[in-house]
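Written below as structure tokens is the structure these notes are about.
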Amino acid sequence: MHPDLSVDLCARLRGAFETAGYTADGVVEALGAQAHSALGRGEPEPARRASKDAGTLGTLIRLFLLGDHEPEQDVRKALDGVGIDDLVANEVLAPALDAANLKAGLDVRPYEDNWWVIADLDSDLRGSAVPEDHVLGVGHASISLARATKRTPVGTLLDLGTGCGVQALHASTHAERITATDLSERALRLAQGTFRINGLDVETLQGEWFGPVRNRRFDQVVCNPPFVVGPPRVDFVYRDSGLGGDDASALVIRQLPAFLNEGGVGQLLASWVHRRGEDWEERVSGWLPRGGIDAWFVQRDIAEPALYVGTWLKDAGVDPRSPEGRQKAAAWLDWFEENDVQGVGFGYVTLRRTDEMHSQVICEDLRHAYDDPLGPEAARWLDNVAWLRANPDLLSRRFRVADTVLLEEVSEPGDEGWRKVVARLHRTDGPGWQHEVDEATAKLVAGCNGSLPLEDLLALLEFAYGEIDAEAALPIVRDLIRHGMLIPA
């Protein structure tokens, strides 16, 4: 049996939370910045101390965020108007060993703009490894996908593999109608609770991959799939697909375009294997259908096999030193060796369906740190690709340098003073794109102030510095346009 979080129960629970101030802002205010930061690092004691004087809000913080056992009378006071028996019957609460106390049965926590998310307790709050049908809460992957998603208003959006519903929550800010699917019945039950407690009307469908929405199309599709790379098995449904290697990511990328309206955009997290002698860009590009798709693959990280296996074992609460952990790690690492996997790449994929004859597929490494969310950059990339397709004659166009672009030069001491080693253009906002440039390119970009077309700038450079290869310059200009460093004037 799975919890049945009805509209009425969720409405009453929301009312109690609002009365107690159990919101994202309310929790930060009650705990203070230092204790709240410590809680985010997995250090609960400062938050426990800070919550002691927070009344009913403190009770809810200790109950749901710290995993403490709280006196039943305090819980009833904090959740006034909500039937405790209903909450226990639907796993929101559970009896503690001490009959006078209650504990959390589900992870119910404030999130972002006064939302709440309902998921299963993680291994830390459970005190043990999670079960196979565990429904993951708000994690680094779900947050990073939300930050990487473009938020242009759309009519219809599909959240494929919704889990506890985080992507659909964010989608409610820009999509008129949302459909959320998942293979797991438990995940859909908890996602429905998430949607109901936030007052959202979301269509939920159960089934494998795109099966529940066969013959339908959407303006946007977002997906945080079970992308973990390894043997074809399912230890945990939130991360394992039952497909071997990176086949889960390949399946979604291969099939997703067929479920997009013309001009529709799909965005997902994905993983891909790195094998000796194989180019990762060719590998992932080969997953796409032929033509009709603009695709942007952004690789954020590459993990070597031992680190990858250890990270995912700990994520599920499995001690790598335990007999179970050693057995799982050995089988996983054996699979990597047998399949000549040197590393596992991870990143974001943005796809757009287009009827244009010349679609664009770009694979890029973006492994340096940056602060700005990638979603606006994904929207900008799609716009810039469309502009380049519509304006093939760059020589007749005028451009200006984006205000956030700097020219950085690195020099080293030599026999005759400083010797320039490298010059690079650096966009200081967004994902912080950097391009190493030679002297001719640096001068060409410096001349882009919107007053002269590109062909005139090239002619001036040729007059001043000798022969300039215009055809060689155009690919560099296209890259700078795609990365928002040169802007059409």
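The analysis underlying the following values was restricted to heavy atoms, covering all of them including side chains, and did not include hydrogens, waters or symmetry mates. Everything quoted here is computed from the prediction, not taken from an experiment.
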Ser451 vs Asn449, test: side chain to side chain donor-acceptor pair (under 3.5 Å). Steps then yes/no.
CA-CA 6 Å; Ser451 60; Asn449 58 15; 2.6 Å; yes

side-chain hydrogen bond (donor to acceptor under 3.5 Å, both in side chains) pairs, two or more places apart, involving residues 240-249:
Asp246-Arg283

Which pairs, with at least one residue in residues 347-386 and sequence neighbours excluded, count as a ring-ring contact (aromatic ring centres under 6.0 Å, His included)?
Trp296-Trp381

Has Asp219 got a side-chain atom pairing as donor or acceptor with Asn261's backbone, closer than 3.5 angstrom?
no

How are the rings of Phe227 and Phe346 set relative to one another: parallel (under 30°), tilted (30 to 60°) or perpendicular (over 60°)?
tilted

Would you check if there is a donor-acceptor pair between the side chains of His36 and Glu29 at a distance under 3.5 Å?
no

Does the gap between the ring centers of Tyr238 and His134 come in under 6.0 Å?
yes

Taking all heavy atoms of Val234 and all of Val237, pick out the closest pair and write down the distance.
CG1-CG1, 4.0 Å

Which salt bridge (Lys or Arg N to Asp or Glu O under 4.0 Å) pairs, counting each pair once, include a residue from residues 285-306, with sequence neighbours left out?
Asp294-Arg352, Asp294-Arg389

Salt-bridged, Arg482 to Glu377, with N to O below 4.0 Å?
no

Look only at the side chain of Asn198 and the backbone of Thr194, and say whether a donor-acceptor pair between them is shorter than 3.5 Å.
yes

Taking everything shown except Asp393 itself, do over 12 heavy atoms lie less than 6.0 Å from its CG?
yes

What orientation do Phe64 and Phe17 show, parallel under 30°, tilted 30 to 60°, or perpendicular over 60°?
perpendicular

Measure the CD-CH2 distance between Gln255 and Trp287 for me, rounded to the nearest 0.5 Å.
13.5 Å

Nearest heavy-atom contact between Ser359 and Thr354 is CB-CG2, 4.3 Å

Salt bridge or not between Arg276 and Asp340? Use side-chain N to carboxylate O under 4.0 Å.
yes

Parallel, tilted or perpendicular: which describes the rings of Phe399 and Trp387, with under 30° parallel and over 60° perpendicular?
perpendicular

Partner set under salt bridge (Lys or Arg N to Asp or Glu O under 4.0 Å) for Arg397, not counting sequence neighbours:
none

Atom pair OG1/CG of Thr149 and Leu269 - distance to nearest 0.5 Å
8.0 Å

Which residues pass the salt bridge (Lys or Arg N to Asp or Glu O under 4.0 Å) test with Arg147, not counting sequence neighbours?
none

Show your reasoning for whether side chain to side chain donor-acceptor pair (under 3.5 Å) applies to His426 and Glu408.
CA-CA 7 Å; His426 180 193; Glu408 300 173 339; 2.8 Å; yes

If you look only at pairs with a residue in residues 158-170, which of them pass as a salt bridge (Lys or Arg N to Asp or Glu O under 4.0 Å), with sequence neighbours excluded?
none

